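Fair warning: this is a prediction, and the values are worked out from it, not measured in the lab.
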Amino acid sequence: MTHTVENNTTTDLSTPKTIDVAAYISAEYARAEGDRLWAKVWQQVCRVEELPRVGDFLTYDILDDSFIVVRTAPDTLRAYHNVCAHRGRRLVDTPPGAHDARGRRKQFVCGFHGWRYDLQGCNTFVPERGDWTCGLTESNDGLRQARIDTWGGWVWLTMDPDAESLREYLEPAASLLDPFHLENMRYRWRRWLTFDCNWKVAFEAFMETYHVPYTHPEFMNFGDFLGWGRAQGKHSNIGYDAPKGMEENQGKLRIGSGADARLSTAQLQNFTWENANTNTTESMVAVANRLADELPESTPPGQVLRYWLDTCRREDAERGVIWPTVDPETVAASGTSWQIFPNFQIGHALNNMLCYRFRPYGYDPDQCIFEAAVFELFPPGEEPDTEWIYTPVGDEGWRTVLPQDFDNMAAVQQGMKSRGFPGPKPNPYRERTIVNLHHNLASYMGTGEPRDLT
């Protein structure tokens, strides 16, 4: 079976499927995720540059598990379970309302009985150690480690000692994204909040383009934003449908369509910058606003795209911002974003990216932690000083586009509970990413495999 889109390309359709609502609303399912999912997968924790000096640390929490991620040497990061070996008190407390705890230390000291641990996780002091006679040893009085690795500029960890390597886990996403050198990007802004929906409902709101004409109709003034979704093993990716000869326009940096691509591109860039502050940069907006002055009115769209990107690349290089060189075929194949199983999205481009992370908020299936971060290439030494800002629903910091998605997320969570709703029916072409997510979830959870739609 094939799907024919307006650009005359064909892509195999997946079999129509439906998904059980238990994955979204069942308290039993939410509790089982702790042991069956989160204890087994690789999880994105933070950026490497957030821990530049020896002793720099931050905490990462997932359900009942908390970790201290710390730089123990100039070239070494470690992750310790954030718990004292004595009575189980957390060594580092997260301040109320904070995204995490972070700082710089030479040792970690338990606030209960004063047990101490050095950066290598070794116990260096136990009050009245002699009372244990021979009971305390290096094998039982130190901090327990979790496996840790880096890729793309992020720190990742897994609680599973038998898990495959991070590189193996991330394929094929890692190989298709390596040419973009995501490790060179830095935060432009980052925001988070707790939200009234399941983490999977939140994730699924961003892993397809099917909703764009209806949730964000204002974007349709600048072109067709419908696109494809592809299963990529544990992961998936999405990209825009593009006319023949414009394959590169499947990527994040795309021009506007219409009678005059020069004008529609400028309009799209200005709208995106002002209403989302994502997926573009100030320099790209500036060049887009000059297209009408620098190119003839009859310039074909493909030439507008090429001129715009080449000019942005050259002018950025003049100020010390070096874009990676990625061949058009890779740009097209990598699409606009990757959904890294189970809960991380990388919306990549040559010089910027928009990333989301979705985590459960306790064991309540109706709540999640939603995080959004925009990255950009900056001249060396000119990266902005950012931090995680708690930004509640309704705050103008979210601009106007993301709140449209928030409305859907909350409404979907409520609708999932309706006795009249038997389960989602994802679009077999544009939403196959959702089916793939639940196929992989089922392999860990032992339940919830998507069923054929009848």
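Between the side chains of Asp61 and Ser66, at least one donor N or O lies within less than 3.5 Å of an accepting N or O. A donor-acceptor contact under 3.5 angstrom links the side chains of Gln232 and Asn237, judged on distance only. Side-chain atoms of Thr400 and Asn275 form a donor-acceptor pair, as typed in the model, at a separation below 3.5 Å. If you check the side chains of Tyr60 and Asn82, you find no donor sitting under 3.5 Å from an acceptor. Counted by atom type alone, Arg313 and Asn351 present zero donor-acceptor pairs between their side chains at under 3.5 Å. Side chain to side chain, His216 and Asp405 meet the donor-acceptor criterion of an N or O pair below 3.5 Å. Between the side chains of Ser443 and Asn440, not a single donor N or O lies within less than 3.5 Å of an accepting N or O. Residues Trp199 and Glu33 bring a donor and an acceptor atom of their side chains to less than 3.5 Å of each other. A side-chain donor-acceptor contact under 3.5 Å links His348 and Ser334. A side-chain donor-acceptor contact under 3.5 Å links Asp316 and Ser283. A donor and an acceptor atom, one from each side chain of Asn343 and Trp38, are nowhere located under 3.5 Å apart. In summary, the side chains of Glu315 and Thr311 do not present any donor paired with an acceptor at a separation below 3.5 Å, with no hydrogens or angles considered. Between the side chains of Glu168 and Ser165, at least one donor N or O sits under 3.5 Å from an acceptor N or O. For the residue pair Glu371 / His99, a side-chain donor-acceptor distance below 3.5 Å is found, with atom types taken as modelled.
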Worksheet item: Step by step, would you call Gln269 with Thr280 a side chain to side chain donor-acceptor pair (under 3.5 Å)?
Response: CA-CA 7 Å; Gln269 287 294 300; Thr280 190; 2.3 Å; yes
Practice prompt. Could you go through the side-chain contact (heavy atoms from CB on, under 4.5 Å) check for Ser337 and Ile346 one step at a time?
Written response: CA-CA 5 Å; Ser337 65; Ile346 304 171; over 6 Å; no
Worksheet item: Should Leu193 and Val393 be marked as a side-chain contact (heavy atoms from CB on, under 4.5 Å) after you check the CA-CA gap, both sets of side-chain angles, and the distance that decides it?
Response: CA-CA 8 Å; Leu193 79 165; Val393 173; 3.5 Å; yes
Practice prompt. Let me see the working for Tyr80 and Tyr117 under ring-ring contact (aromatic ring centres under 6.0 Å, His included), right down to the final yes or no.
Written response: CA-CA 11 Å; Tyr80 301 114; Tyr117 306 88; 8.8 Å; no
Practice prompt. Show your working on side-chain contact (heavy atoms from CB on, under 4.5 Å) between Arg167 and Tyr169 and close with a plain yes or no.
Written response: CA-CA 5 Å; Arg167 183 74 194 197; Tyr169 182 88; over 6 Å; no
Worksheet item: Run the salt bridge (Lys or Arg N to Asp or Glu O under 4.0 Å) check on Arg147 and Asp162 step by step: do they pass?
Response: CA-CA 10 Å; Arg147 288 175 61 192; Asp162 299 319; over 6 Å; no
Discussion item. Checking Asp395 against Arg399 for the salt bridge (Lys or Arg N to Asp or Glu O under 4.0 Å) test, could you report, in this order, the C-alpha distance in whole Å, the side-chain angles of both residues, the deciding distance, and whether it holds?
Written reply: CA-CA 8 Å; Asp395 191 291; Arg399 305 291 178 98; over 6 Å; no
Fill in: Audit row: Phe358, Ile369, side-chain contact (heavy atoms from CB on, under 4.5 Å) steps and yes/no
CA-CA 6 Å; Phe358 314 87; Ile369 299 170; over 6 Å; no
Practice prompt. Could you go through the side chain to side chain donor-acceptor pair (under 3.5 Å) check for Asn198 and Asp366 one step at a time?
Written response: CA-CA 5 Å; Asn198 189 271; Asp366 294 329; over 6 Å; no
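Under the 3.5 Å distance criterion, the side-chain polar atoms of Gln44 are matched with a main-chain donor or acceptor of Cys46. When atom types are taken as modelled, the side chain of Asn289 and the backbone of Val285 share a donor-acceptor pair closer than 3.5 angstrom. Asn140 places a side-chain N or O within 3.5 Å of a backbone atom of Gly135 that can act as its donor or acceptor partner. A donor-acceptor pair under 3.5 Å links the side-chain atoms of Thr209 to the main chain of Gly227, judged by distance alone. In terms of modelled atom types and a separation under 3.5 Å, the side chain of Arg186 and the main chain of Glu183 share a donor-acceptor contact. Checking side-chain atoms of Asp149 against main-chain N and O of Leu166 turns up no donor-acceptor pair under 3.5 Å. Formation of a donor-acceptor pair under 3.5 Å by the Asn221 side chain with backbone atoms of Glu218 is found in this model. Checking side-chain atoms of Arg191 against main-chain N and O of Phe370 turns up no donor-acceptor pair under 3.5 Å. The backbone N or O of Met207 sits less than 3.5 Å from a side-chain atom of Thr433, completing a donor-acceptor pair. Thr272 places a side-chain N or O within donor-acceptor distance of the main-chain N or O of Leu268, the cut-off being under 3.5 Å.
Under the salt bridge (charged side-chain N to carboxylate O under 4.0 Å, His left out) criterion, Arg71 pairs with no residue at all, not counting sequence neighbours. By the ring pair (Phe, Tyr, Trp, His ring centres under 6.0 Å) test, Phe112 is found to be paired with no residue, residues two or more places apart in sequence or in another chain being considered. Not counting sequence neighbours, the partners of Trp156 by the ring pair (Phe, Tyr, Trp, His ring centres under 6.0 Å) test are Phe344. Residues forming a salt bridge (charged side-chain N to carboxylate O under 4.0 Å, His left out) with Arg47 (at least two apart in sequence, or on another chain): Glu49. Residues that satisfy the ring pair (Phe, Tyr, Trp, His ring centres under 6.0 Å) test with Tyr210, not counting sequence neighbours, are absent from this structure. Take Trp308 and apply the ring pair (Phe, Tyr, Trp, His ring centres under 6.0 Å) test, not counting sequence neighbours, and it matches no residue.
Crowding of Arg144 atom CZ: a count of heavy atoms from other residues, nucleotides or ligands under 6.0 Å not exceeding 12.
For Phe271 and Phe222, the gap between ring centers is short of 6.0 Å.
Of the charged side-chain nitrogens involved, none lies within less than 4.0 Å of a carboxylate oxygen, so that Asp56 and Arg102 do not count as a salt-bridged pair. Using a 4.0 Å cut-off between a side-chain N of Lys or Arg and a carboxylate O of Asp or Glu, Glu50 and Arg190 qualify as a salt bridge.
The two residues Gly256 and Thr265 make their nearest non-hydrogen contact at N-OG1, 3.1 Å. Across all their heavy atoms, Glu383 and Pro380 have their closest contact at OE2-CA, 4.1 Å. Listed here is the closest heavy atom pair of Leu119 and Arg105: CD2-O, 3.5 Å.
Remark: of the listed residues Phe195, Phe206, Phe203, Phe206 is the sole one forming a ring pair (Phe, Tyr, Trp, His ring centres under 6.0 Å) with Tyr356. Screening Trp388, Trp398, Tyr390 for a ring pair (Phe, Tyr, Trp, His ring centres under 6.0 Å) involving Trp192 leaves a single residue, Tyr390. Checking each of Arg430, Arg432, Gln339 against Ile238 for a side chain to side chain contact (heavy atoms under 4.5 Å, CB included) leaves exactly one that passes, namely Gln339.
To the nearest 0.5 Å, atom OG1 of residue Thr336 and atom CE of residue Met353 are 14.5 Å apart.
Classified by interplanar angle (parallel below 30°, tilted 30° to 60°, perpendicular above 60°), the ring pair Tyr24/His438 is tilted.
Between Gln43 and Arg357, every side-chain heavy-atom pair lies at or beyond the 4.5 Å cut-off.
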